[in-house]
Amino acid sequence: MIQGTLEKMHATLDDQCAVQYQLPIGDQRIALNPLIGKTLTLSYTGSIHCSNCNKKTKKSYAQGHCYVCMQKLASCDMCIMKPETCHYAQGTCREPQWGEQNCFIPHYVYLSNTSGIKVGITRHTQLPTRWIDQGATQGLPIFKVKSRHISGLVEIALAKLVADKTHWQAMLKGNADDVDLAAKAGELIPMVEQSLAQITQEHGDDAIEPLSEAIQTIQYPITEFPKKVKSYNFDKEPVLSDVLTGIKGQYLIFENGVINVRKFTSYEVALEY
């Protein structure tokens, strides 16, 4: 039995573009791909420890934080979810130094194929991790921009034409048909030229760099997709015991349900297999 607090799954792509998953529990990482087809028992102990200060908390906020840390950390501010609302320039950033290190660095604007085509953003160090976390089977960076704020402005312009959210139930029921993301980008970019020109005018000629990259394909370890998506929830059912049939995004897929590991970050669990 292995016991400790959960973190989001770690994922890497191998030479065949297949995702290799590890589940962090405490200070251990459990290789998950070899466990597909086996019965896993995950038991929630009832304890949650803040991922920042490690204090015990009755409820998890912002994926694994206590309420105090959620309120004070820049990484938990609304502008992380909506970077177009960045308020650093107003002098109200919760942690200016953190913002400089994490937000004022290159970001990518990309198209991906999850439950369909969507636009998204991520730091330049987070590809293909970001695509894997959202369950994308294809990904293509289309712009490199000089800050998170600018990436949000570009995303907003493109989101008027294409989805910016993943329909997670559809993503878990199967893989979307492959699409030519480069061709789609060729259709979309001319339609937002005016918005891009305005962003460049306000933030400098080096604000947005168009890219010409290859499409990344991603394969997930799944033996069987669920016909109906039922979610396991540790807050309602502290013990999960089921046969693991696959992994996609941050979801463990079992014969009788799925669980979003990221949702239960900082929950203390015991794993048996």
Side-chain angles (χ1 to χ4, degrees), residues 1-49 51 60 63-64 112-115 126-139 166-176 216-273:
M1 184 177 71
I2 300 164
Q3 184 168 317
T5 53
L6 277 177
E7 294 180 24
K8 61 165 280 194
M9 288 184 282
H10 290 236
T12 56
L13 278 183
D14 64 20
D15 293 340
Q16 284 74 47
C17 299
V19 185
Q20 301 296 320
Y21 279 101
Q22 292 181 319
L23 179 65
I25 297 181
D27 58 0
Q28 300 188 60
R29 289 190 184 184
I30 295 86
L32 288 174
N33 294 53
L35 301 182
I36 293 174
K38 298 183 179 181
T39 298
L40 272 59
T41 300
L42 282 163
S43 304
Y44 168 43
T45 68
S47 294
I48 305 171
H49 295 272
S51 60
S60 171
Q63 297 177 348
S112 63
N113 186 8
T114 54
S115 53
Q126 290 300 301
L127 292 182
T129 302
R130 177 59 179 154
W131 296 331
I132 295 171
D133 283 352
Q134 65 184 207
T137 53
Q138 295 174 288
T166 299
H167 297 290
W168 64 272
Q169 292 101 331
M171 179 270 291
L172 289 173
K173 287 182 179 179
N175 292 330
Q216 174 69 62
T217 59
I218 302 170
Q219 299 176 19
Y220 296 91
I222 300 171
T223 58
E224 185 179 354
F225 285 102
K227 294 179 176 61
K228 292 184 179 179
V229 179
K230 173 194 171 184
S231 292
Y232 284 115
N233 186 334
F234 285 136
D235 294 321
K236 297 178 180 179
E237 303 172 83
V239 179
L240 185 171
S241 188
D242 204 346
V243 176
L244 184 68
T245 60
I247 315 167
K248 193 177 185 187
Q250 281 291 319
Y251 286 85
L252 296 176
I253 303 171
F254 295 93
E255 284 187 346
N256 300 296
V258 305
I259 188 164
N260 182 352
V261 174
R262 193 166 198 166
K263 178 179 178 180
F264 297 103
T265 299
S266 299
Y267 279 55
E268 185 180 66
V269 301
L271 170 66
E272 297 178 80
Y273 58 89

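As a basis for the values below, the full set of heavy atoms in this structure was taken, side chains included, without hydrogen atoms, waters or symmetry mates.
- Among all heavy-atom pairs drawn from Met171 and Ser115, the shortest one is N-CB, 4.0 Å.
- A donor-acceptor contact closer than 3.5 angstrom links the side chains of Asp133 and Gln250.
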Item to complete: Begin with the C-alpha distance, continue with both residues' side-chain angles, and end with the deciding distance and a verdict on side chain to side chain contact (heavy atoms under 4.5 Å, CB included) for Val243 and Thr39.
Response: CA-CA 4 Å; Val243 176; Thr39 298; 3.5 Å; yes
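- Using a 4.5 Å heavy-atom threshold, the side chains of Leu32 and Leu252 count as touching.
- A pairwise comparison of heavy atoms in Thr41 and Ser43 identifies CG2-OG, 3.9 Å as the closest pair.
- With hydrogens and angles ignored, the 3.5 Å screen pairs no side-chain donor or acceptor of Tyr232 with any backbone N or O of Val239.
- The aromatic rings of Tyr44 and Phe234 sit tilted relative to each other, their planes meeting at an angle between 30° and 60°.
- Here the side chain of Thr223 pairs a donor or acceptor atom with the backbone of Thr245 at under 3.5 angstrom.
- In this structure a side-chain-to-backbone donor-acceptor pair under 3.5 Å is present from Ser51 to Gly64.
- Side-chain contact between Tyr220 and Ile132: present, with at least one pair of heavy atoms (C-beta onward) separated by less than 4.5 Å.
- Listed for the Lys248 side chain is a donor-acceptor partner under 3.5 Å among the backbone atoms of Gly174.
- Test Thr114, Asn113, Thr217 against Thr137 for side chain to side chain contact (heavy atoms under 4.5 Å, CB included) and you get one pass: Asn113.
- The side-chain heavy atoms of Leu13 and Val19, taken from C-beta on, include a pair separated by under 4.5 Å.
- The environment of His167 atom NE2 is sparse: at most 12 non-hydrogen atoms of other residues, nucleotides or ligands sit within 6.0 angstrom.
- To the nearest 0.5 Å, atoms CD (Glu7) and CD (Gln22) are separated by 11.5 Å.
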Item to complete: Could you go through the side chain to side chain contact (heavy atoms under 4.5 Å, CB included) check for Tyr273 and Ile30 one step at a time?
Response: CA-CA 11 Å; Tyr273 58 89; Ile30 295 86; 4.2 Å; yes
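- Side-chain contact between Val261 and Tyr21: absent, with no pair of heavy atoms (C-beta onward) separated by less than 4.5 Å.
- Scanning both residues, Gln216 and Cys17, for their nearest heavy atoms gives NE2-SG, 3.6 Å.
- Within the 4.5 Å cutoff, no side-chain heavy atoms of Asn256 are placed close to those of Lys230.
- In this structure the side chain of Arg262 reaches within 4.5 angstrom of the side chain of Gln63, judged on heavy atoms.
- Contact between Val258 and Pro226 at its shortest, heavy atoms only, is CG1-CG, 4.4 Å.
- For Gly249 against Met9, the heavy-atom pair with the smallest separation is O-CE, 4.0 Å.
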Discussion item. Using the rule given for side-chain hydrogen bond (donor to acceptor under 3.5 Å, both in side chains), can you reason through Gln3 versus Thr45, listing the C-alpha separation, both sets of side-chain angles and the distance that settles it, and then say yes or no?
Written reply: CA-CA 9 Å; Gln3 184 168 317; Thr45 68; 5.2 Å; no
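- A distance of 4.0 Å separates CD1 of Ile48 from OH of Tyr267, quoted to the nearest 0.5 Å.
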Worksheet item: Given Val269 and Phe264, is the side chain to side chain contact (heavy atoms under 4.5 Å, CB included) satisfied, shown in steps?
Response: CA-CA 10 Å; Val269 301; Phe264 297 103; over 6 Å; no
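- By the 4.5 Å heavy-atom criterion applied to side chains, Ser231 and Asn260 are not counted as neighbours.
- Of the inter-residue distances, the one linking Gln219 atom CD with Asp14 atom CG reads 8.5 Å to the nearest 0.5 angstrom.
- Proximity of Asn233 to Lys263: side-chain heavy atoms (C-beta onward) are separated by under 4.5 Å at one or more points.
- Note that CG of Leu42 and CG of Leu23 are 7.0 Å apart. Values are rounded to the nearest 0.5 Å.
- Across every non-hydrogen atom of Gln28 and Ile2, the tightest pair is NE2-CG2, 3.7 Å.
- We find the CD1-CG distance between Ile25 and Leu6 to be 5.5 Å, quoted to the nearest 0.5 Å.
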